[in-house]
Structure formats: C-alpha cells, structure tokens
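Have a look at the structure below before the remarks.
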Amino acid sequence: MERKVRVRFAPSPTGPLHIGGVRTALYNYLFAKKHGGDFLLRIEDTDQTRFVPGAEEYIIEAFDWLGIKFDEGQGIGGDYGPYRQSDRKPMYKEYADKLIETCWAYYAFDSPEELDNVRKEFEKEKKNFQYDCNTRAALKNSLSLSKEETNTLLENNTPYVIRFKFPKDTEIIIHDLIRGEVRMNSNLLDDKVLYKSDGMPTYHLANIVDDHLMKISHVIRGEEWLPSCPLHVMLYKAFGWEDTMPKFAHLPLLLKPEGNGKLSKRDGDRLGFPVFPLEWQDPISKETSSGYRETGYFPEAVINILALLGWNSGTEQEIFTLEELIDIFTIERISKSGAKFDLEKAKWFNHQYFQLMPNDKIAEEYLKILKEKGFNASLEFAEKVVSLVKERCSFVQEIWDQSSFFFLRPETYDQKIIKKRWKEDTPQRLGEIADILNSITDFSVETTDQAVHSFIEKNELNMGQIMNCLRLSIVGEGKGPNLFEIICLIGKEETLERINTAIETIGKNE
RNA sequence: GCCCCGUUCGUCUAGAGGCCUAGGACGCUAGAUUUUCAUUCUAGAAACCAGGGGUUCGAAUCCCCUACGGGGUACCA
C-alpha cells in the first residue's frame, strides 16, 4: 500500500540557486534518503522569457559541490525523462485538452491588454479584479461564448489560454505535513491559467502532470506555494489522480537577518555574506555575487547550517554529518515560522569544520593564496604555519591574516605595545638575547625557549617585559602563537635580523 | 484591499496542560589558562513565552479576538 518515496527538487533556471532553494533541496534529499527513496532533479523552464543561460549548469554544479546526489533527473538520467519541462512541451497540451473535455477547464481569448483594462476598471471602483466564477461569464471565453463562436475563434488561430474552472462553493482542504489542515473556499480562488498562448504550460499544469508521471510521493517546497496548493489539489481531482496525489509539506521561508522580508540577493551583498552556494556572474550585467564555496565555507558546514535553519533534531547536538542528518531527519520537526539567517553562527559552524580539516588539506589551499601574494613555500612549511594558527581561524582565507609575519618582516611596530613595554634598557636586553640565540647551534623550540627563560631568570627580569618586546620585534604586534614556534620556523638568521632591525628602529625616530 | 501562514532570550531553537522560578546553541559580558592576541574552559546577563480575553484545580502549550510579521493575489516559478 505504501508507495515508494520519490521526491523532487524542481528549480527554475532563472539565475543562480538561492540558498533557500538549497535548503529545500536538502530537506527533500534527507527525507528521500531516510526512507530509502529517490531524489530527482527536474528543471522547470516553462517561462521562456526568464531563461538564463548557465543557470542549469550552475544548479548541477552547486549540488555536486555540496555532495547532494540526485538519483535521477536532468543531467543524470532515469526512466521518467525527459526531466526538463521544455523538452516535455508536446505532452502538456494533451492534458490540458483532457481538462477541457471534462469541463474542468476552458478556453479564454482575452488578450493581456483587455485584461489589463478590466483590471483598471475594477480599480476605479476600488474593487479587485479576479478571473473567477463571478467574472468569467462577462469575459471572452468558451464558457461565455457559444460553441460556434469558440470554434470560429479557434479555427482562426486566435491566441488563447486554457484556464482552470474552479467550481463554486467548494471547500478545499489541504493536509500539510507541517501545518496540518488548511482550508480554503473555492469562491475566493481565481481561474488560473494552465496553458499559455505560447504553447507552454504554466507551472501549475506542468508541475502536477510531471509529479504524477514521475510518481512523486511527497512534495516538499517553499511556503510561497501554499496559496496555490488548493489549485494543485483540485487538479489531481480533475485528472482523477486523487489516490496517488503526493503529500504536501510547505517549508517556512528564509528571512533576511535584519529588518523584514525574504532573504534576497541584495541582502547578502549588503550584509557581507553569500546568498548563493557558488559564485555567480550575471551573463548580462556581468555583476558577480559571492558564493559560499569561494568565501571558504565547507560544503559540510553549509549543509549543517541550512539543516538547522528551520529544523532541529530535538537533541542538543548541533554538528551533524550528512549521514547523521539522514538518520535523524523528520518532517515533523520542521518549524512553522520563518528563520533569519545568522552570519555569526554560520561562521561558528565553519570554524567547527575547519578544526576538523587535516592540516595538509588546508595547507594546500593556503599555498594557493600564498602564491597569489607572491610567496613560495614548501608544503611542509605551510603545514607548520597552518598547525600554529588554524585554531584561531574559521576560513582558509583568514590564515594569511594570522600568519603574514612568517613571510613579511614587520614594517611598523604597534605603538601601544611600545608605550607600555619598551623601556630604556630594552634595546640592550634584546641585544643580549640576540647574542644568546646566535650562540645556539641546535636552534629548536625547546632550546630557544630554555635559553631565553634562563636569561630572564638569571637577570631577575620581568617575563612580560622581555617576551612582549621580543615578540614586538619579530611580529610587529602583540599577538600571535607561541613565540619560540615562530622564531624556529623563520630560522635563526631571520630572527636575529628582525631583532636587530627593531633595536635600530624602535624609539629612534619619534 | 482580499486570502493564507506564522509569532518563546538579539538570532536559531527546546517545549505537544502540571517536570518551566522556560532548557540548549551562536553572539555578548566576566573570570581562568597564555609571554601576547586568539583558541579553549568556567560563569553570567539575556524571553513576564506578541497583547487581551476565555477553557481548566492548573496554559508557553487548547479556543477566540487584536496587533505585528511573512507569503500569495501574473499568459513568473
């Protein structure tokens, strides 16, 4: 009796994939895998005017990066293809005709201009126009016209659309897996266009026909579809497909971090976080939008972030692998209200994954950044640097900020530290330390550490006084990892030169 | 305007009538660790559960109203 779980992600290739769309896909994927079902990708490109070249490829690449695999669909294959609606174009007419035959739909010949005028007329009277059971009798369609008139128009190739004929006084009940029962009265619903004058179906028709033909068991989609769900339910009824109608689940929307409204591309750019999985360049305006991948987020982190934005496991665990998510995911635990994206928490998630990443992997990426900056280093050296500064970073890109002193001598010295720590006898003390370091043949963290410490003890000096100034001369600032780790990595020669430069520079030109 | 959905710390959320003087996480503050900064650890502040009415011995949890937020209202998806 129970049908095999088959769910789909059905984006429209009108641009890069929005992060909210990624979350929708993720929930579909988790649900499918949890139940041993299929997850398919269907491209909904019925609006030819909004087609954006490259968008389809972008979508496929994005999921590839995220590690979310489709079982079938566009670019993958499968038994229910084609999976691009424009390639399925010829079949939709047949279904639209079927609805005309059974009187669930009708031809409408009103031109867009005519409808515009009607709308304006209504507005004048402060009323709202809707093409529905109350107004259709007064408009130009196969319901108001005689059979002969309709046929003549059809024979003359008059442009027409096919509209759904909503029955009067019918209560439509939707059983939403997240929201429970949602009721709507058919009198308030308008006769949506199912088939456009350009020979393409609208979303509503194509969606229902394809979901049926592709044996979709559950429709998990954004909340923006809830208002048109009654139409979809009625379409299943009209086609006589009620017994295999998928179950619906309408997801809450992703909201912008501050203020109100849906998360949009603009917000990301303004607030400094990506709204798209991958970087995207608009083919026409050439404007680029940042992506999670390019910003340094790990796919695992993005999945983790998205999974917890509108869903929770009911436990206190927050870091999940994809496998764990599949295991624990349930639609029942999806929340009903919209979720605001939180940049700080997103960074924290990435930080967690960053710490788990092996040093050599990070070092490889780090070497690329170094190369861009004009530095060549061995993988071994890069790996050591990474191991020293990794825990204070959330992204590979941050490694440089924490480690530039390994490659660049300080050009300036932090004035605050100078003021606080640089005393009259500091140059002399540093000179003595330089001599001691110079005398060490086995230049290691242990030997240098011990040498400097015993020097401080022997002269009864203050630890902070010496160490901070020594750090200042090496790094130029009062921060960074263990000083002896640093001097050993840059080597004796470099260390001594930096100390000498500091002695000569600091306090001289003020 | 009309229709639909929603409303617990700043944010993501736990909570399915008594376990709630509302728990966790991010962020924030303080302390500890450190030669320093960061990390880490510990502690703390932070929601009269949108407001108002009911129902009940008892409500964040059930019902109603209001407010606010969101979505929809295209030959877009």
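All chains are named by letter (A, B, ...) in the order of the sequence lines, taking the proteins before the strands, and each is independently numbered beginning at 1.
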Problem - The single option from Y297(A), F298(A), Y353(A), W348(A) passing ring pair (Phe, Tyr, Trp, His ring centres under 6.0 Å) against F395(A) - result: Y297(A)
Which one is paired to [N], where only Watson-Crick or G-U wobble pairs with both distances under 3.5 angstrom count?
{"N": "rA43(B)", "answer": "rU29(B)"}
{"N": "rU36(B)", "answer": "none"}
{"N": "rG6(B)", "answer": "rC68(B)"}
{"N": "rG1(B)", "answer": "rU73(B)"}

Handout entry: side chain to side chain donor-acceptor pair (under 3.5 Å) partners of E398(A), counting only residues at least two apart
Key = none
Handout entry: hbond_proxy R163(A) side chain to rC75(B) base (donor-acceptor, 3.5 Å cutoff)
Key = no
Could you check whether any side-chain N or O of [X] sits under 3.5 Å from a backbone N or O of [Y], counting only pairs where one atom can act as donor and the other as acceptor?
{"X": "S142(A)", "Y": "Y106(A)", "result": "no"}
{"X": "K390(A)", "Y": "Q355(A)", "result": "yes"}
{"X": "D116(A)", "Y": "R119(A)", "result": "no"}

Would you indicate what [X] reaches in the nucleic acid, counting non-hydrogen atoms under 4.0 angstrom: base, sugar-phosphate, or nothing?
{"X": "S228(A)", "answer": "nothing"}
{"X": "D110(A)", "answer": "base"}
{"X": "P481(A)", "answer": "base"}
{"X": "R221(A)", "answer": "nothing"}
{"X": "D190(A)", "answer": "nothing"}
{"X": "T202(A)", "answer": "sugar-phosphate"}
{"X": "L308(A)", "answer": "sugar-phosphate"}
{"X": "G314(A)", "answer": "nothing"}

Which pairs, protein N/O on one side and nucleotides 4-7 of chain B N/O on the other, fall under 3.5 Å?
| from | atom 1 | to | atom 2 | distance (Å) |
| --- | --- | --- | --- | --- |
| rC5(B) | O2' | R179(A) | NH1 | 2.4 |
| rC5(B) | O2' | E223(A) | OE2 | 2.8 |

Exercise for the section: Would you mind checking if K192(A) and D190(A) are paired as a salt bridge, meaning a charged N to carboxylate O distance below 4.0 Å? Expected result: yes
Exercise for the section: Decide, yes or no, whether a salt bridge links R429(A) with E432(A) under the criterion of side-chain N to carboxylate O below 4.0 Å. Expected result: yes
Completion exercise
Testing rU73(B), rA14(B), rG70(B) for proximity to the side chain of L253(A), the answer is rG70(B)
Practice task
Consider the side chain of E224(A), meaning its heavy atoms from C-beta on, and name the nucleotide among rU40(B), rU13(B), rG72(B) that approaches it most closely.
Solution key: rG72(B)
Exercise for the section: Give me the ring orientation class for H250(A) and F248(A): parallel if the planes are under 30° apart, tilted from 30 to 60°, perpendicular past 60°. Expected result: parallel
Practice task
Determine the interplanar angle of the W225(A) and H232(A) rings, folded into 0 to 90°, and report it as parallel if under 30°, tilted if 30 to 60°, perpendicular if over 60°.
Solution key: tilted
Practice task
Whole angstrom is fine here: how far is it from CZ in R50(A) over to C1' in rC75(B)?
Solution key: 13 Å
Practice task
In whole angstrom, give me the gap between the P atoms of rU7(B) and rC12(B).
Solution key: 12 Å
[N] phosphate, OP1 or OP2: any side-chain N/O from [X] under 4.0 angstrom?
{"X": "S335(A)", "N": "rU13(B)", "result": "yes"}
{"X": "S12(A)", "N": "rC76(B)", "result": "no"}
{"X": "K340(A)", "N": "rU13(B)", "result": "no"}
{"X": "N128(A)", "N": "rG1(B)", "result": "no"}

Handout entry: Minimum-distance pair of heavy atoms, taken over all atoms of T170(A) and N187(A)
Key = N-OD1, 4.4 Å
Completion exercise
Tightest non-hydrogen contact, residues D47(A) and K196(A), listed as CA-NZ, 3.8 Å
Below 3.5 Å, can you tabulate the donor-acceptor pairs from side chains in residues 474-481 of chain A to any protein atom, sequence neighbours excluded?
none

Handout entry: Residue pair R8(A), N28(A): steps toward the side chain to side chain donor-acceptor pair (under 3.5 Å) verdict
Key = CA-CA 7 Å; R8(A) 82 293 194 282; N28(A) 272 283; 5.9 Å; no
Detail all sub-3.5 Å separations between protein N/O atoms and N/O atoms belonging to nucleotides 19-25 of chain B.
| from | atom 1 | to | atom 2 | distance (Å) |
| --- | --- | --- | --- | --- |
| rG24(B) | O4' | E316(A) | OE2 | 3.4 |
| rA25(B) | O4' | E318(A) | OE2 | 2.9 |
| rA25(B) | O2' | E318(A) | OE2 | 2.3 |
| rA25(B) | O2' | K345(A) | NZ | 3.0 |
| rA25(B) | N3 | K345(A) | NZ | 3.1 |

Handout entry: Within residues 111-124 of chain A, residues whose heavy atoms come under 4.0 Å of RNA chain B
Key = S111(A), P112(A)
Problem - Proximity to RNA chain B (any heavy atom under 4.0 Å), residues of residues 445-454 of chain A only - result: none
Handout entry: Residue met sooner reading RNA chain B from 5', once D45(A) and E391(A) are mapped to nucleotides
Key = E391(A)
Exercise for the section: Using the ring-ring contact (aromatic ring centres under 6.0 Å, His included) rule, take W311(A) and Y27(A) through it: C-alpha gap first, then chi angles, then the decisive distance, then the call. Expected result: CA-CA 9 Å; W311(A) 172 87; Y27(A) 287 7; 7.3 Å; no
